[in-house]
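Okay, structure first, notes after.
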Amino acid sequence: MGQAKINIAIDGYSSCGKGTLAKALASALNYVFIDSGAMYRAVTLYLMRHGVDLDDLPQVEQALTHVKVAFEMDDSGVSFVTLNDENVENEIRSIAVASKVSEVAKIQAVRDKLVYLQQQMGAKKGVVMDGRDIGTVVFPDAELKIFMTASVEVRAQRRFAELVAKGDVVTFEEISENLKHRDNVDSSRENSPLTMTADYRVLDNSDMDRDAQFALAMAWADEAIAANLQF
Ligand code: DC
């Protein structure tokens, strides 16, 4: 029997380490890792740069026709997101983009465009994608769905350390408030809110290190791949 690849959906709150786990799984399984949040961030950057009024839907829709979001790989195999062929990986991680992206992710026209692209990326399976609606909307048939969570304190501390290491001038309070605000908007928005269904495996990593998270998720992945082979 050939290698039957599966799709793995990883959803959860902001700064839970979804990307780190998704990358590790993709690399161990030789799958493609896709950071769907980077796509929402890239669209946000475009709309900010062009001063688009988020309350003016026709203006947003018009702007979207000029947006091309894709992923490319550098020489060492690390993928980065592009906005109209420009590498925007660093810029999309700024606090300026982070503070606007939840508003942009609420807009259904934005979601429609990105979900379509994401579904195309996963059509041949072998994808590990992290986000908020991957197991509910993008790949409702994903063979493995993981919901990641951790306490706000742990998450804010992690994100704060990350930004400080990058040289950003931020305060812990600012980061913590931004996280809470995004959790709130992401979970309460009308269009594809962050939510979990019964077919998710829950991974609360407040007290788990990376190795333990990886071991657990890898065991789930092996199980899902074995179950998939039986068909
Ligand atoms: O994972 P992240 O922090 O980079 O995501 C940025 C924002 O994009 C976050 O506020 C929620 C939104 N998002 C979304 O609505 N759906 C996704 N699949 C991924 C991200």
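Ligands are counted one by one from 1 in listed order, and the atoms in each one are counted from 1 as well. Every heavy atom of this structure was used, including side-chain atoms; hydrogens, water molecules and symmetry mates were not.
- Remark: side-chain polar atoms of Y13 are not paired, donor with acceptor, to backbone N or O of S187 under 3.5 angstrom.
- By the 4.0 Å N-to-carboxylate-O rule, D11 lies too far from K145 to be salt-bridged with it.
- For the side-chain contact (heavy atoms from CB on, under 4.5 Å) with W220, the qualifying choice from L203, I8, L25 is L203, the only one to do so.
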Would you mind writing out a table of all protein N or O atoms found under 3.5 Å from any N or O atom of ligand 1, naming both atoms and giving the distance to 0.1 Å?
| residue | atom | partner | partner atom | Å |
| --- | --- | --- | --- | --- |
| ligand 1 | 1 (O) | R132 | NH1 | 3.0 |
| ligand 1 | 1 (O) | R132 | NH2 | 3.4 |
| ligand 1 | 3 (O) | R41 | NH2 | 3.1 |
| ligand 1 | 3 (O) | R132 | NH2 | 3.3 |
| ligand 1 | 3 (O) | R182 | NH1 | 2.9 |
| ligand 1 | 4 (O) | R41 | NE | 2.7 |
| ligand 1 | 4 (O) | R41 | NH2 | 3.4 |
| ligand 1 | 10 (O) | S102 | OG | 3.1 |
| ligand 1 | 10 (O) | D186 | OD1 | 3.4 |
| ligand 1 | 10 (O) | D186 | OD2 | 3.4 |
| ligand 1 | 15 (O) | R111 | NH1 | 2.8 |
| ligand 1 | 15 (O) | R111 | NH2 | 3.4 |
| ligand 1 | 15 (O) | R189 | NH1 | 2.8 |
| ligand 1 | 15 (O) | R189 | NH2 | 3.0 |
| ligand 1 | 16 (N) | R111 | NH2 | 3.0 |
| ligand 1 | 18 (N) | S36 | OG | 3.0 |
| ligand 1 | 18 (N) | R132 | N | 3.2 |
| ligand 1 | 18 (N) | D133 | OD1 | 2.8 |

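- With a 4.5 Å cut-off on side-chain heavy atoms, Y40 and R132 do not count as touching.
- A salt bridge links K125 with E143; the closest basic N to acidic carboxylate O contact falls under 4.0 Å.
- A salt bridge is defined here as a Lys NZ or Arg NE, NH1 or NH2 lying under 4.0 Å from an Asp or Glu carboxylate O, and R93 with D168 fails to meet this definition.
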